[in-house]
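Notes for the one structure printed next.
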Amino acid sequence: MKKKRMLALAVAGALGLGILPPAADAVSTRDIEQKRDEMDSLRSKRSDVEQKINEAQKTIESLRSQQRQVANDIQKLNVAIDETSGKIRNVSADIDQTEQAIDQLKQEIAEIQERIEKRNEILKERLRSLQESGGAISYLEVLLGAQSFSDFIDRMSAVTTIMEADQQIIREQEADKALKEKKETELTEKRNKLQADLQELKQLQAELAGQLEQKNRLMADLKQKEEEEHDHKMALEEEKELIAKQEAAVKEQLAELERQKRAEEEAKQRGRTYTAPNDGGSSSEEAPSGGSTPPVSSGAFTRPANGPINSGFGYRFGGTDFHPGVDIGKRAPVVPVVAAADGIVFRSYYSSSYGNVIFVSHVINGQTYTTVYAHLEARLVGEGQHVRKGQVIGYMGNTGNSTGPHLHFELHRGGWNPGKTNAVDPRNYIAF
């Protein structure tokens, strides 16, 4: 992703590496003090970055702990879902058995209903007999019509038998009706309870599934945050490395300033004027085979490459995208890129966004500037290397987040920072 490396570049704005003052100028105590202050500032920044790295590591450990807890919750939810699914299967089986019992009950009820109907017919027949006799014959008349005591006893036994038969029919009728109602009520209640249990279990299953989905989303979010925190920590570690390199470079510059200061004082004591050594070389350089270098112009900066300006400085695309530099189009198979001014390379590496990129720091008339040369096909200079105005430092390319071969060139009045707040329009400093 783009931000993986962008944070690492942020240190460049803080570094603001400056080359030594021009050799012809005398080294002042203020120059030495400024370098010492710069070293103190870098030490403080390195300490801050180390603290941020520790904080990032703690955040990563916290995120991992949360992931372990969420993983445990997910495991519990999966177990609960499995148990609920098992209960749903058991209740569904019970419902099937109850439905089968209801079918069996329907047959039993049909048999009971048949017995009830038969008894109803018997009772109706007895009622019809009474109606046909006009209702005049009663059990008392039967008893009083006995011709003898033994006839009375016989008649008494017969009447008792008939009465008991009638009562038994009625009792059986009532018992069958009660049995029918009881079985119907029991099975209906059982089926309704099982249906309610099934509905409750399905609702619980849905709730558990919803909780599981939330936990899975939380786990994905925690993993994403951990990945982002790893990227952040990686950028901080790279920033720490850059600051350490800068500390070493500033220490070397401070030693050189102190050496020049001592030499100046010794020269004064001997009555001579001190001249610092020149690093040699001309400000112009032959173009490498296959392409031409732009002519070295007068003034503080020179054009970094030949080609048309395809995209200028400022907001683009309706004011939604700030372009902190200019894009110079590639119009030849090989297009050399040159240093816009004398300076020192404080970063030369591959960035996921800038591609092959070189950062150069310049000190011109006491003002620090930073130039950026991005999307290079190749880099010819390394970190800590001094470059001269017009010196070839790389070749135009199409690396990193680039939509076509070109040079993305930035000029910052001061150091580079992620917000590009120091960026200025190069066309105000360079004649393109």
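This structure is a prediction, so every number in the text was calculated from the model and none was measured.
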Review item, side-chain donor-acceptor pairs of residues 71-79, under 3.5 Å, at least two apart:
| unit_1 | atom_1 | unit_2 | atom_2 | d |
| --- | --- | --- | --- | --- |
| Asp73 | OD1 | Gln69 | NE2 | 3.1 |
| Asp73 | OD2 | Lys215 | NZ | 3.1 |
| Asn78 | ND2 | Ile74 | O | 3.2 |

Compile the donor-acceptor pairs under 3.5 Å between side chains in residues 319-329 and protein atoms, sequence neighbours left out, one pair per line.
| unit_1 | atom_1 | unit_2 | atom_2 | d |
| --- | --- | --- | --- | --- |
| Thr320 | OG1 | Phe317 | O | 2.9 |
| Asp321 | OD2 | Arg316 | NE | 3.3 |
| Asp321 | OD2 | Arg316 | NH2 | 2.9 |
| His323 | ND1 | Gly312 | O | 2.7 |
| His323 | ND1 | Gly325 | O | 2.9 |
| His323 | NE2 | Asp327 | OD1 | 3.2 |
| His323 | NE2 | Asp327 | OD2 | 3.4 |
| His323 | NE2 | His408 | ND1 | 3.3 |
| Asp327 | OD1 | His408 | ND1 | 3.0 |

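Applying the side-chain hydrogen bond (donor to acceptor under 3.5 Å, both in side chains) test to Glu213 and every residue at least two apart in sequence or in another chain returns Arg217. Partners of Arg68 under the salt bridge (Lys or Arg N to Asp or Glu O under 4.0 Å) rule, at least two apart in sequence or in another chain, do not exist in this structure. Every residue two or more places apart in sequence or in another chain that forms a side-chain contact (heavy atoms from CB on, under 4.5 Å) with Thr188 is listed here: Asn192. Contacts of Asp197 classified as salt bridge (Lys or Arg N to Asp or Glu O under 4.0 Å), with partners at least two apart in sequence or in another chain: Lys193. For Val338, the side-chain contact (heavy atoms from CB on, under 4.5 Å) criterion is met by Thr293, Pro294, Val392, not counting sequence neighbours. Not counting sequence neighbours, Glu377 has no partner by the salt bridge (Lys or Arg N to Asp or Glu O under 4.0 Å) test. For Asp221, the side-chain contact (heavy atoms from CB on, under 4.5 Å) partners are Lys225, not counting sequence neighbours. Taking Glu61 as the reference, Gln57 meet the side-chain contact (heavy atoms from CB on, under 4.5 Å) condition, with sequence neighbours excluded. Taking Gln67 as the reference, Glu226 meet the side-chain hydrogen bond (donor to acceptor under 3.5 Å, both in side chains) condition, with sequence neighbours excluded.
In terms of heavy-atom proximity, Ser353 sits nearest to His375 at O-CE1, 3.4 Å. Considering every non-hydrogen atom in both Val357 and Ser351, the closest pair reads CG1-CB, 4.2 Å. What you find for Pro304 and Phe432 is that their closest heavy atoms are CD-CE2, 3.9 Å. Closest approach of Ile364 and Ala341 over heavy atoms only: CD1-CB, 4.2 Å.
Of the possible donor and acceptor atoms, one in the side chain of Thr302 sits under 3.5 Å from a partner among the backbone N and O of Pro295. Tyr349 places no side-chain N or O within donor-acceptor distance of the main-chain N or O of Glu383, the cut-off being under 3.5 Å. Within the 3.5 Å criterion, the main-chain N or O of His406 finds no donor-acceptor partner in the side chain of Asn310. A donor-acceptor pair under 3.5 Å is formed between the side chain of Asn356 and the backbone N or O of Leu376. Between the side chain of Ser44 and the backbone N or O of Asp40, no donor-acceptor pair lies under 3.5 Å. Arg303 places a side-chain N or O within 3.5 Å of a backbone atom of Ala305 that can act as its donor or acceptor partner. A donor-acceptor contact shorter than 3.5 Å links the side chain of Ser92 to the backbone of Ile88. Using modelled atom types, no side-chain atom of Ser348 and backbone atom of Ile358 make a donor-acceptor pair closer than 3.5 Å.
Under a cut-off of 6.0 angstrom, the local environment of CD in Glu207 is crowded, with over 12 non-hydrogen atoms contributed by other residues, nucleotides or ligands.
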Does the salt bridge (charged side-chain N to carboxylate O under 4.0 Å, His left out) test come out yes or no for Glu229 and Arg64, once each step is laid out? CA-CA 11 Å; Glu229 200 62 31; Arg64 287 175 176 172; over 6 Å; no
Q: For side chain to side chain contact (heavy atoms under 4.5 Å, CB included), just list the numbers for Ile393 and Gln385, CA-CA rounded to whole Å, side-chain angles, deciding distance to a tenth of an Å, and then say yes or no.
A: CA-CA 10 Å; Ile393 60 175; Gln385 182 174 342; over 6 Å; no
Stepwise side chain to side chain contact (heavy atoms under 4.5 Å, CB included) test for Thr29 and Lys261: CA-CA 8 Å; Thr29 303; Lys261 183 67 173 175; 4.1 Å; yes
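For the pair Phe313 and Val424, the minimum side-chain heavy-atom distance is 4.5 Å or more. Counting heavy atoms from C-beta on, the side chains of His232 and Glu55 never come closer than 4.5 Å. Side-chain contact check for Leu222 versus Val70: some heavy-atom pair is nearer than 4.5 Å. Taking 4.5 Å as the limit, every side-chain heavy atom of Tyr354 sits out of range of all side-chain heavy atoms of Arg347. The closest side-chain heavy-atom distance from Tyr373 to Val360 is below 4.5 Å. Counting heavy atoms from C-beta outward, Asn398 and Lys330 have side chains that stay 4.5 Å or more apart.
Each side chain to side chain donor-acceptor pair (under 3.5 Å) pair with one or both residues in residues 81-91, not counting sequence neighbours, appears once here: Ser85-Gln205.
The CZ atom of Arg427 sits 12.5 Å away from atom CZ of Phe409, with the distance rounded to the nearest 0.5 Å. The OG1 atom of Thr59 sits 13.0 Å away from atom NZ of Lys52, with the distance rounded to the nearest 0.5 Å. A distance of 5.0 Å separates CD in Gln107 from CD in Gln104, rounded to the nearest 0.5 Å. Put simply, OG on Ser298 and NZ on Lys389 are 6.5 Å apart, with the number rounded to the nearest 0.5 Å. Here CD of Glu237 is found 10.5 Å from NE2 of His230. Values are rounded to the nearest 0.5 Å. Remark: Leu194 CG to Leu201 CG distance equals 10.5 Å, nearest 0.5 Å.
A donor and an acceptor atom, one from each side chain of Gln224 and Glu228, are located under 3.5 Å apart. For the 3.5 Å distance criterion, the side chains of Asn306 and Ser292 qualify, holding a donor opposite an acceptor. Using modelled atom types, one finds no donor on one side chain facing an acceptor on the other under 3.5 Å when comparing Thr371 with Tyr369.
Ring geometry, Phe301 versus His362: the interplanar angle exceeds 60°, so the pair is classed perpendicular (tilted spans 30 to 60°).
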